[in-house]
Amino acid sequence: MVRRVALEDPSRRLGRLESVVDRLRLHAASLESFPSIYQVFRAVQPDECYHLAAQSFVSYSFDDEFSTLNTNINGTHFVLAALKDIVPKCRFYFAGSSEMFGRVAEIPQTETTRFHPRSAYGISKVAGFDLTRNYREAYGIHASNGILFNHESPRRGFEFVTRKITSGIARILAGQTKELRLGNLDAKRDWGHARDYVEAMWAMLQQDEPDDYVVATGRSHSVSEFVRMACGIVGLDPDKYVVRDPEFYRPAEVQLLIGNSAKAQAQLGWRPKTQFEGLVCEMVAADCESLGIDVPVAKPIEVE
Ligand code: GDD
């Protein structure tokens, strides 16, 4: 399901689907319109529904709390309500987020850690989480929540810090810019690879019973460590290029996230295959390659 505007301009809007688009049937609908979602469910009669759509940029949710809350909370409610009416046997995945933990009540965070969101985005995800659990308990829907920690890849949007760093480094090497403007370098995140995390989503819907799962690597790194590792791969001195810019600080920050995915590992047989170092290498290499920069970067480190 994609917005009509994307179908009208696929080269600009659907670039990330290029390699698979021939095998997909895309339907136009909007999270903001219950009837449009209803019609897609009626036409498709899905067996599984992965609800990933949202205003997902935490920083932007401070600029526009209203649209973040409206779209994210109502959108999730619309999807669940349509599913219950039309395909109650359809299995449902909700993209919860480690942002729900916010000011963390314990370290590491698990499925039972109390939520304390620190942004409209985090609040909207807590609401979606509760809606999903309620549809499971009240209506017997096979509805699962993934509590996914940050997951990255070369396909990440440019506004998120990892891609901003790796694309910025490539642009510095290409002579297109002389600086990398960032906000809070001390924030720590548990960064994993999106490719691994999608496997966990799928595994949740293959279980006999729906449930809630933390998906994380169990390792946390600061933004500053990400910058140093990414710069180190291509031999740049970060102190020469990184500029701290107050514009990129948030009114309320989530300072530390680190997840314990023991439940997902035990029940889903899932575990992260790509380590932090491999992720950073892959992202730096992809951004350099896209600008035609030949840098001898190490291949992603995969662990079995
Ligand atoms: N975006 C951004 N830009 N973040 C910066 C910058 C900057 O210039 N400088 C420092 N940061 C810090 C942010 O303050 C935050 O602490 C951290 O880098 C990560 O920011 P993002 O990459 O924007 O991701 P996020 O952690 O806020 O949220 C992502 O992960 C969540 C799961 O924990 C998003 O993908 C969410 O949608 C997702 O739910």
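Counting starts at 1 for both ligands and their atoms, following the listed order.
Aromatic rings from Tyr121 and Phe57 are positioned such that their centres are separated by 6.0 Å or more.
For ligand 1, the atoms closer than 4.0 angstrom to any heavy atom of Phe57 are 1 (N), 23 (O). Counting the atoms of ligand 1 from 1 in the order shown, those under 4.0 Å from a heavy atom of Ser97 are 31 (C), 32 (C), 33 (O), 38 (C), 39 (O).
Closest of all the heavy-atom pairs between Pro108 and Gly259 is CB-C, 4.0 Å. Smallest separation of non-hydrogen atoms from Ile141 and Pro88: CD1-O, 3.8 Å.
Of all protein heavy atoms, the one lying nearest to atom 28 (O) of ligand 1 is Val58 CG2, 3.6 Å. Scanning all protein heavy atoms for the shortest distance to atom 14 (O) of ligand 1 gives Glu253 OE2, 2.6 Å. The protein heavy-atom contact nearest to atom 38 (C) of ligand 1 is Tyr121 OH, 3.5 Å. Counting protein heavy atoms only, atom 33 (O) of ligand 1 is closest to Ser98 OG, 2.4 Å. Counting only heavy atoms of the protein, atom 9 (N) of ligand 1 lies nearest to Gly183 N, 2.8 Å. Looking at atom 10 (C) of ligand 1, its nearest protein heavy atom turns out to be Asn184 O, 3.2 Å. Of the protein's non-hydrogen atoms, the one nearest atom 37 (O) of ligand 1 is Ser56 O, 2.7 Å. Closest protein heavy atom to atom 1 (N) of ligand 1: Glu159 O, 2.9 Å.
For CD of Glu209, the number of neighbouring non-hydrogen atoms (other residues, nucleotides, ligands) closer than 6.0 Å is 12 at most. When the shell of 6.0 Å around CD of Glu8 is examined, it contains more than 12 heavy atoms from other residues, nucleotides or ligands.
Under 4.0 Å from ligand 1, the heavy atoms of Lys164 that appear belong solely to its side chain. Residue contacts with ligand 1 for Arg189 involve side-chain atoms from C-beta outward but no N, CA, C or O (heavy atoms, distance under 4.0 Å). Heavy atoms of Arg250 found under 4.0 angstrom from ligand 1 belong exclusively to the side chain. Contacts of Asn150 with ligand 1, taken as heavy-atom pairs under 4.0 Å, involve both backbone and side chain. Proximity of Val223 to ligand 1, defined as any heavy-atom pair under 4.0 Å, is confined to the side chain (atoms from C-beta onward).
Aromatic ring orientation, Trp270 versus Tyr197: perpendicular (interplanar angle above 60°, classes split at 30° and 60°). Classification of the Tyr50-Tyr93 ring pair by plane angle, with boundaries at 30° and 60°, yields tilted. Between Phe149 and Phe101, the two ring planes are tilted [angle within 30° to 60°].
Using a 4.0 Å cut-off between a side-chain N of Lys or Arg and a carboxylate O of Asp or Glu, Lys273 and Glu199 qualify as a salt bridge. Using a cut-off of 4.0 Å between Lys/Arg side-chain N and Asp/Glu carboxylate O, Arg3 and Glu32 are scored as not salt-bridged. Using a cut-off of 4.0 Å between Lys/Arg side-chain N and Asp/Glu carboxylate O, Arg171 and Asp287 are scored as not salt-bridged.
The shortest heavy-atom distance from Leu148 to ligand 1 is under 4.0 Å. The shortest heavy-atom distance from Arg156 to ligand 1 is under 4.0 Å.
Remark: ligand 1 and Val161 share an N or O pair separated by less than 3.5 Å (distance only, no angle test). An N or O contact shorter than 3.5 Å is missing between Ala187 and ligand 1 by distance. Not one N or O of Trp191 is nearer than 3.5 Å to an N or O of ligand 1, by distance alone.
Evaluated for a side-chain hydrogen bond (donor to acceptor under 3.5 Å, both in side chains) with His193, the options Glu152, Glu282, His151 yield exactly one hit, Glu282.
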